[in-house]
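Quick note on labels: first sequence line is chain A, next is B, and so on, each numbered from 1.
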There are 2 protein chains.
Amino acid sequence: MRIGELAARSGLTAKTIRFYESAGVLPAPARRPSGYREYEEGAVDRLAFVKAAQAAGLTLAEIRDVIMVRDGSGAPCEHVVALLDTHAADLDRRIAELTALRRQVQRLRSRARTLDPAACSPAAVCQVIPTDAVAAATRTAGRRDGQQRRGRGAAHC
Amino acid sequence: MRIGELAARSGLTAKTIRFYESAGVLPAPARRPSGYREYEEGAVDRLAFVKAAQAAGLTLAEIRDVIMVRDGSGAPCEHVVALLDTHAADLDRRIAELTALRRQVQRLRSRARTLDPAACSPAAVCQVIPTDAVAAATRTAGRRDGQQRRGRGAAHC
DNA sequence: CTTGACCTTCCAGTGCAGTGGAAGCCCTAC
DNA sequence: GTAGGGCTTCCACTGCACTGGAAGGTCAAG
């Protein structure tokens, strides 16, 4: 089948499928004389796996590694289980961070109700966010290094 | 004071301070004849506010808006409270998503213990991640608006 | 023979908050 | 007069998963 049909059958766009090929999660298919990609049935399953693995929180780079193990030495199950464990730990940490941040926001929000809007001084910009209180609480949490986003789901619609 | 001293006093780098100026969260200071930035004391407070607002989950764009309200019409408290409410709702949503994902990963992980590694077929890549199970669980989950962050990093291999 | 859907490649941009580095000026101490 | 540290600007890059668009080739129907 051509890329358009694969896109329709997998629920992805043709553009995304080409991107997946370049990302190494989908093998480069045969080409027609015209240059058009010609996919076999297996491509649908492969894309289903990619979607399922993404939904389980794996990145494309991780999925690519899993697939390379699969296409090389054999069953990647151990590797996958290790990835799941790592992601579970990441999720626990992130959930704890976000929960702490949520509590902090709630505290600020509640405190705001007790403040006099007129008492807000330009120097502090806004007294609802005191310049000394929050820092410690979320210093570990709201750090901004690695992206995440996971949880995806509605990611591609 | 020059930018190096402000950096030391605020706990940021000079580079970050210049970036904040370009992002509109720190007003452009006076310049010495040499072109060096010359900051007043207030800049320390301003940067403390920016850090506190970031710790409370606000983005630089939101902080810039708050500051523009402050420097314009007056007290931005209402605006800030609205932002806090929005972020609280975002956090609730994201925590729920991540919690659902966490449960799903746990399910896959548990199920993996019952599987025979030899039964893994190349077509499915890896039976630990079934191509039909996960989708529904996180389908409702992550919109891409709220960035997550957090250090995933190549935890595998 | 043309229309239009479909396909190709390549380049660039998105969002977020910075970080890295190059090329070059300023200032003080030795 | 030179060594150094600090400062300036500008551009590019990070991570992640796409998405948009341009310029052009392919193919079947009318």
>> Which heavy atom of Leu26(A) sits nearest to which heavy atom of Ala43(A), and what is that distance?
In response: CD1-O, 4.3 Å

>> To check you understand the geometry: which heavy-atom pair defines the closest contact between Val128(A) and Arg111(A), and what is its length?
In response: O-NH2, 3.3 Å

Do [X] and [Y] have side-chain heavy atoms sitting under 4.5 Å apart?
{"X": "Arg2(A)", "Y": "Glu38(A)", "value": "yes"}
{"X": "Val66(B)", "Y": "Phe49(B)", "value": "yes"}
{"X": "Leu60(B)", "Y": "Val50(B)", "value": "yes"}

For atom [atom1] of [X] and atom [atom2] of [N], their distance in whole Å:
{"X": "Leu58(A)", "N": "dC16(D)", "atom1": "CG", "atom2": "P", "result": "12 Å"}
{"X": "Lys51(A)", "N": "dA17(D)", "atom1": "NZ", "atom2": "P", "result": "15 Å"}
{"X": "Leu47(B)", "N": "dG18(C)", "atom1": "CG", "atom2": "C1'", "result": "14 Å"}
{"X": "Tyr39(B)", "N": "dG6(D)", "atom1": "OH", "atom2": "C1'", "result": "14 Å"}

>> Generate the contact string for nucleotides 2-9 of chain C. Rules: B means base contact, S means sugar-phosphate contact only, - means no protein heavy atom under 4.0 Å.
In response: ----BSBB

> Start at the 5' end of DNA chain C and walk down; is the nucleotide closest to Pro33(B) or to Thr59(B) reached first?
Replying inline: Thr59(B)

>> Closer than 4.0 angstrom, basic N to acidic O: yes or no for Glu41(A) and Arg9(A)?
In response: yes

> Is the shortest distance from a Lys or Arg side-chain nitrogen in Asp71(A) or Arg64(A) to a carboxylate oxygen in the other one below 4.0 Å?
Replying inline: no

>> Tell me whether the side-chain N/O atoms of Thr13(A) come closer than 4.0 Å to OP1 or OP2 in dC18(D).
In response: no

>> Please determine whether a side-chain nitrogen or oxygen atom of Thr16(A) lies at a distance below 4.0 Å from atom OP1 or OP2 of dT19(D).
In response: yes

> Hey, does the side chain of Thr99(A) reach the backbone of Ile95(A) with a donor-acceptor pair shorter than 3.5 angstrom?
Replying inline: yes

> End-to-end bend of the helix from dC1(C)-dG30(D) to dC30(C)-dG1(D) (five-pair axes, 10° rounding)?
Replying inline: 40°

